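Keep in mind that what you see is a predicted model, and the values were worked out from it rather than measured.
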Amino acid sequence: MTGFFDIPSDLQHSWTGLIGLHMREALLPVAAGLLLALPIAQLCGRFRWLYPPVLGMTTVLYAVPSLAFFVVLIDYTGQTELTVMIPLALYSLVVLVPAIVDGVRSVPDETLAAATAMGFGPVRRYLQVQLPIAAPAIIAGLRVATASSISLVSVGALIGNQGALGNLLAAAQKYDRPELAVNAVVTMAVLAILCDVLLVGLRMLLTPWMPRGGTRPKPAARRAEITPEGAVR
Amino acid sequence: SSSGDTSDNPLDGEKAEAGTVVVGSNNFAESTLLADIYGEALRAKGLKVGYKHNIGSRETTYGLMKNGSITVLPEYNGSLLAYLDPEAGQESAEAVNEAVKAKLDKSLTLLESSPAEDKDSVSVNAETAEKYGLTAESTLADLKDIAPEMVIGGSPEFQTRQQGLKGLETVYGLKFKSFKALDAGGPLTQAALTKNEVQAADVFTTDPTIVKEKFVVLKDPENLFGFANVTPLVSKEGLPQEGVEALNAVSAKLDTETLLDLDAQVQLEKKDPLDVAKAWLKSAGLD
Amino acid sequence: MIRIDSVTKRYPDGTVAVDRLSLEIPDRSITVLVGPSGCGKTTTLRMINRMVEPTGGTILLDGEDIQRQPVTTLRRSMGYVIQNAGLFQHRTIVDNIATVPRMLGWGKQRARERAAELMERVGLDPSLAKRYPYQLSGGQQQRVGVARALAADPPVLLMDEPFSAVDPVVRKGLQDELLRIQDELGKTIVFVTHDIDEAIKLGTMVAVLREGGRLAQYAPPAELLSSPADGFVEDFLGADRGIRRLSFFPSAALELTTDAVVPADAGAALITATKAPHLLVTDPDGRPLGWAGRDELTAGDIRTDRLLPYGRPFVPGADSLRVALDCAVLSPVGWAVAVDGGGRVTGVVSQQTIGEAIRAAHTAGRADEEKVAG
Amino acid sequence: MIRIDSVTKRYPDGTVAVDRLSLEIPDRSITVLVGPSGCGKTTTLRMINRMVEPTGGTILLDGEDIQRQPVTTLRRSMGYVIQNAGLFQHRTIVDNIATVPRMLGWGKQRARERAAELMERVGLDPSLAKRYPYQLSGGQQQRVGVARALAADPPVLLMDEPFSAVDPVVRKGLQDELLRIQDELGKTIVFVTHDIDEAIKLGTMVAVLREGGRLAQYAPPAELLSSPADGFVEDFLGADRGIRRLSFFPSAALELTTDAVVPADAGAALITATKAPHLLVTDPDGRPLGWAGRDELTAGDIRTDRLLPYGRPFVPGADSLRVALDCAVLSPVGWAVAVDGGGRVTGVVSQQTIGEAIRAAHTAGRADEEKVAG
Amino acid sequence: MNVLNFVNAFFSDSAHWHGYDGIPQRFWEHLQYSLLALAVAAAIGLPVGLLTGHTGRGGNALAFVANAARALPSFGLLVLAVLLIGFGLLPVMIPLVVLAVPPILVTTYEAVRSVDPAPVDAARGMGMHESRILFQVEVPVALPLILSGLRSAAIQIVSTATIAAYVSLGGLGRYIIDGLYQRDYEKVVGGATLVAVLALLTLAVFWAAGRLAVSPGVRRR
Ligand SMILES: Nc1ncnc2c1ncn2[C@@H]1O[C@H](COP(=O)(O)OP(=O)(O)OP(=O)(O)O)[C@@H](O)[C@H]1O
Ligand SMILES: Nc1ncnc2c1ncn2[C@@H]1O[C@H](COP(=O)(O)OP(=O)(O)OP(=O)(O)O)[C@@H](O)[C@H]1O
Ligand SMILES: [Mg+2]
Ligand SMILES: [Mg+2]
């Protein structure tokens with residue numbers, strides 16, 4: 001009963017079950033964030049005046065502690081996964097919107113002019129030129145969003161067993177079993193790194209056109225990776 | 001001994017699934033243990049049982065009981081009354097139960113109380129006890145003069161409850177130097193007491209560390225913390241008659257000594273609460 | 001024909017980029033817009049494919065106002081080539097080139113075949129087809145840009161400083177390539193540059209713009225060199241106007257003399273018979289060896305190791321008077337050596353004769369101009 | 001004197017950037033390194049101030065191995081100017097220029113005074129002193145770069161393609177400025193460029209490098225033009241070698257004739273007396289108006305509205321034979337007009353006379369070369 | 001159920017304005033935790049970032065370390081640290097520092113790396129010493145980006161320092177945790193608002209720092 005993988009029964013899940021739950025609670029919001037961020041970023045790209053206020057708002061949102069979000073949401077969505085996932089989706093949004101906007105903006109003017117001159121309409125130009133070229137920046141954003149999402153799910157433990165692997169942390173305290181906390185931290189870190197590796201692989205798959213090795217990625221991609229709050233620049 | 005098998009996925013959905021009895025618990029070890037005991041007893045009677053563990057404080061769980069998310073919750077009768085009606089006096093366990101039932105939401109009711117009692121208490125650590133000469137015979141009233149020099153700890157909700165800082169002030173006139181938010185009698189509380197970060201704290205009377213760490217539990221002559229008999233709070237609709245009977249049978253067999261022993265198994269021997277619950281039910285012939 | 005009719009562009013911030021500009025751009029020829037930075041060249045070019053909308057005036061394409069056509073149709077009928085090629089970095093070379101055909105609904109196979117054909121046309125190795133733009137040199141990228149613009153065989157090609165980002169040697173190659181392609185395809189090309197030499201080399205007509213988007217002069221390059229409209233154009237043309245203008249005069253009509261050419265093994269009689277002050281000595285194949293001076297002539301004996309260098313020869317049919325003059329000037333004796341394609345001497349010509357030819361060409365040029373003016 | 005002695009640089013990745021290069025760089029003159037991209041020019045330059053350490057050979061500065069000096073001392077004794085100037089964008093112009101003096105421990109006041117002095121020297125308006133680099137044009141930035149390099153009055157100036165990022169007109173201005181400054185200061189300048197025209201214009205000596213960092217030719221520009229060492233150098237020099245070489249021959253010795261010059265109000269007698277085939281007509285101040293043709297000469301009456309354009313005049317003292325020839329070629333009658341600094345005609349000269357002068361210059365040049373060789 | 005009502009109620013309750021549980025005290029505690037964590041993180045991230053950025057070496061290792069650090073969950077580290085070390089400031093500082101080091105480190109590295117190599121080259125050619133090149137040429141130009149890394153770290157710290165309350169320390173997180181257990185939304189929303197206000201203050205401070213410290217020559221780019 002004190003082993004590394006002996007999960008207390010009140011968590012209702014085996015270790016692998018917790019992992020599955022954790023990934024779902026962490027990744028669905030990122031996916032939702034991406035789906036939301038694309039049109040928002042598109043709007044920000046279209047109407048340049050929109051970008052600064054959107055950035056400002058998202059930064060304030062980002063500063064609101066996750067726990068406060070969870071607590072306020074309990075009344076609307078109850079003690080459910082949704083309560084955890086909604087704030088995480090919002091945080092992902094905060095990271096992804098600037099990443100996409102910057103990525104799309106990083107497309108060289110010449111390339112855009114060439115596309116326009118060839119008779120690309122705005123939609124086709126966005127889908128076939130801007131978005132693919134912005135892919136590295138978007139994936140860089142996804143990497144940050146995914147890592148932070150995986151980490152933040154654990155805070156859900158505070159609102160009653162909604163933290164997946166994070167519940168192990170609460171259990172570690174309740175039953176004074178540090179090994180459970182170690183288990184939680186290490187598992188989450190490994191999951192985050194695995195996701196990161198997968199995303200890097202995805203980028204390589206999507207961008208055979210990027211110079212490999214030695215050559216550094218485009219500044220926009222880099223930027224998204226280094227300033228997660230992306231915002232306020 | 002992990003327990004992915006205990007339910008489908010109780011975390012899904014807001015309302016309890018029709019026909020499933022959802023047993024909830026608050027975020028401390030004993031509550032989990034009691035929930036497991038109730039749940040397994042019900043399961044032994046062939047009911048479909050789901051768990052919603054570690055929810056948080058009574059403030060939260062009561063809401064979930066009301067809206068039907070939880071069917072069964074281990075409660076402490078006097079503490080519940082103090083939550084429902086902070087002004088109410090507590091003369092006897094029966095009177096308390098009647099008063100609670102009167103105040104309860106229409107959809108809820110209390111089943112039979114068990115003799116097992118686990119009260120909130122104000123305990124001081126050994127150092128403080130020595131300093132002020134406090135013994136097992138000392139009462140809360142003895143703190144009157146020294147309270148302003150003391151930091152008291154307790155779960156965050158202790159700060160605002162009648163059976164907490166409020167009551168200590170109104171009933172005993174105690175005004176502490178400050179309040180330090182800890183957990184519900186859990187490891188934070190123990191650590192804070194042993195490290196003397198707080199001099200007094202809200203400790204459950206069944207807490208095995210009281211003995212281990214030589215905490216001194218102060219007497220409560222005004223009965224502020226009232227009665228705290230383990231009592232199942234249930235939803236009238238959600239629990240069928242055989243369930244009611246099963247839980248009453250459990251209550252009949254559960255006394256304070258047993259509870260102390262079970263708590264120690266979980267908290268000191270680090271056994272899984274579900275295993276402890278099952279083992280006890282078996283030994284008590286309730287499975 | 002593209003007709004730019006009193007077109008004005010005032011940007012929202014008040015900058016007047018182009019001011020009542022009128023140009024007639026002839027079909028199947030290269031028209032160059034040249035001028036200092038910011039004089040409105042790019043703006044003018046982009047108004048032709050409506051990437052910039054004029055604030056005044058009209059542009060007619062084959063007599064029809066370009067405003068009448070749907071903008072994407074108009075653009076697809078015009079290739080567009082820009083500095084750094086503006087390639088799609090996320091697509092292979094062949095896919096870059098096939099972009100417009102694919103957009104026009106061609107099948108994948110057909111579009112790729114067309115792309116392969118164009119790669120050959122612009123001088124790109126087929127092995128580059130599957131590469132991505134970053135794997136190509138600047139010059140190669142620029143070639144891809146040209147191929148992409150030509151892909152759907154548009155009648156009009158708009159080129160905005162296409163070669164200005166590559167180094168001088170590569171640029172020269174690209175210019176030659178463009179002239180060759182134009183010879184084969186005969187597109188209507190509007191070419192923007194700020195390099196007057198490029199303008200003179202490529203343009204059938206050259207429009208010199210000045211600050212504020214006003215036309216300073218619109219003329220064929222030779223005329224530009226001989227009669228700049230004003231000080232601005234003259235300054236812009238820079239030095240050597242006279243000599244550079246000679247590029248437009250062929251050297252074919254030069255009267256060559258063979259009197260002064262002798263083979264190295266010629267006898268003394270032949271040598272002393274010559275009246276020329278210098279003798280060009282050739283090898284048995286007729287290739288030039290060098291000039292023999294007066295002293296040797298009188299001696300009647302040629303010592304090939306003491307010959308003066310003959311500089312470089314010119315090819316009368318292919319080279320212009322400019323080359324001929326340069327050869328004469330470079331020659332220590334002032335005579336230029338003419339050779340055929342095989343490098344065999346066909347005669348020599350004195351600087352003086354070249355001077356006369358230049359004068360004759362001037363006169364003919366002036367007569368032409370007067371005819372045009374009249 | 002800087003002496004580069006059989007220097008080799010092999011980068012860690014195996015690239016041999018410079019291969020056994022030996023050069024003697026004379027004091028107080030501009031030595032230009034020129035060659036195609038990647039031929040090791042930058043590497044060579046940077047070995048002189050030890051920003052790259054050679055893997056073989058030695059470099060001597062005034063006879064002493066540069067390895068002997070502390071590297072910072074060495075560098076502070078050499079100004080270094082690069083493309084885009086490499087200005088410190090966070091410092092004002094005056095602080096940029098004062099960087100090295102400040103580093104050498106000068107007082108703030110003195111360093112700023114020095115900076116102001118240098119701004120004037122390189123032709124920057126003092127009002128720019130407090131600006132930041134981004135507020136300057138490319139040409140102005142480049143001037144600041146030069147001023148900064150000159151600030152501590154180093155005997156040596158290393159310049160790596162300093163003017164290649166600015167447009168041709170500005171570049172010409174900067175080149176002229178550099179020549180003027182060099183006239184005044186007499187630094188030992190090593191100048192890297194890939195533009196052969198710039199090399200010829202600026203260099204006292206020109207080293208042409210070829211791929212792999214090997215020296216193709218090291219000679220004064222006139223010699224380079226007249227006798228390229230091999231096909232590589234010849235190709236690199238490009239067309240017009242002969243004519244460009246004329247830049248090195250002054251036009252002062254040209255024999256002018258005033259016989260063919262008449263004022264517009266000259267009487268018929270004067271006109272008909274002239275034997276020249278054409279007459280240059282001047283206004284009362286002596287400024288050229290144009291050429292009168294034979295017809296008018298015989299008529300004995302000049303109609304100024306029918307004169308032929310005189311092209312452009314040259315100034316015998318200041319301009320080279322190249323300009324004189326260009327003027328003659330541009331002139332419809334084949335005669336160049338010589339004027340003084342004030343634009344008044346001092347005579348005319350036929351293309352033929354210029355041709356003779358060219359030949360004479362060639363002969364003199366050859367004699368010189370032989371003298372040097374002997 | 002209106003958030004604005006909560007905010008209003010929270011801030012107009014005079015009881016929230018004094019004492020050990022008053023807003024000034026909690027705000028001050030939060031500020032202390034944040035500043036301390038930022039200072040420690042900066043003390044680790046800045047020198048390493050500057051050095052690797054200047055030499056251009058170790059960039060890959062650095063990216064790996066930063067990514068790995070980012071993968072560590074703050075809340076998990078907190079609980080683990082408390083379990084292993086016990087109470088006090090240290091277990092709170094560990095997750096906050098781990099959280100803040102990656103943005104500082106990577107941004108600083110990137111900032112120095114992305115400085116235009118031409119002026120650096122020119123400086124070296126003038127005979128500047130390497131340390132001088134770093135501090136007088138590279139850092140002034142890299143400053144805006146370095147500051148943005150610090151700012152990013154600071155905002156994350158301010159937001160995350162709320163977890164200190166979970167292990168019974170003070171700070172603005174107190175309101176949120178207490179509010180959760182006491183079912184008191186006023187407190188939760190009030191606490192969250194205070195955190196957001198502190199985050200905005202942080203932004204303002206960094207904006208001002210940028211104005212003051214970044215040369216106009218760099219800023220106007
Ligand atoms: N979108 C715009 N809004 C405002 N002004 C503009 C815009 N585009 C160009 N201009 C201005 O219009 C003028 C002409 O610009 P244009 O790009 O046509 O010049 P250009 O001749 O192509 O110059 P360059 O040789 O530098 O490319 C310039 O003064 C420029 O600053
Ligand atoms: N640090 C380096 N490591 C490896 N190879 C290098 C390095 N620097 C330069 N080279 C190589 O050495 C050769 C010479 O480079 P260098 O920069 O001296 O050429 P360059 O003549 O200045 O060219 P450019 O005109 O393009 O500036 C090139 O092939 C280049 O790729
Ligand atoms: Mg332009
Ligand atoms: Mg170079």
(message) At a 4.5 Å cut-off on heavy atoms, which part of E:Leu180 comes close to chain A: side chain, backbone, both, or neither?
(response) both
(message) Heavy-atom cut-off 4.5 Å, strictly under: side chain, backbone, both or neither for E:Phe206 against chain A?
(response) neither
(message) Between A:Leu169 and chain E, with a heavy-atom cut-off of 4.5 Å, which part of the residue counts as in contact: side chain, backbone, both or neither?
(response) both
(message) Please report the interatomic distance CD(A:Glu25) to CD(A:Gln162), rounded to the nearest 0.5 Å.
(response) 6.5 Å
(message) With chain A as the partner, which of E:Pro73, E:Ala199, E:Pro144, E:Gly76 has the greatest number of non-hydrogen pairs under 4.5 Å?
(response) E:Pro73
(request) Take E:Glu110 and E:Arg113, measure what salt bridge (charged side-chain N to carboxylate O under 4.0 Å, His left out) needs, and give me the verdict at the end. (result) CA-CA 5 Å; E:Glu110 261 325 302; E:Arg113 287 285 285 159; over 6 Å; no
(message) Distance alone, cut at 3.5 Å: any donor-acceptor contact between the side chains of E:Ser74 and E:Thr160?
(response) no
(request) Mind ranking A:Ser148, A:Gly163, A:Ala63, A:Pro65 by heavy-atom pairs under 4.5 Å with chain E and telling me who comes out on top? (result) A:Pro65
(request) Answer with side chain, backbone, both or neither: which region of A:Leu61 has an atom nearer than 4.5 Å to a non-hydrogen atom of chain E? (result) neither
(message) Shorter than 4.5 Å, heavy atoms on both sides: which option in A:Ile193, A:Leu158, A:Val190 has the most such pairs with chain E?
(response) A:Leu158
(request) Would you please say whether a donor-acceptor pair under 3.5 Å links the side chains of A:Trp15 and A:Asp6? (result) no
(request) Measure the CG-CG distance between A:Leu93 and A:Leu34 for me, rounded to the nearest 0.5 Å. (result) 9.5 Å
(request) Measure distances from E:Leu84 to the heavy atoms of chain A and classify the residue's part below 4.5 Å as side chain, backbone, both or neither. (result) side chain
(message) Below 30° counts as parallel, above 60° as perpendicular, anything between as tilted: where do the rings of E:Phe10 and E:Tyr175 land?
(response) perpendicular
(request) Take A:Glu81 and A:Arg24 through the test salt bridge (charged side-chain N to carboxylate O under 4.0 Å, His left out) and record every step on the way to the result. (result) CA-CA 9 Å; A:Glu81 279 178 49; A:Arg24 200 175 63 191; 2.4 Å; yes
(message) Let's test your reading of the structure: which of A:Ala170, A:Ser66, A:Ser154, A:Ala147 forms the most heavy-atom pairs below 4.5 Å with chain E?
(response) A:Ser154
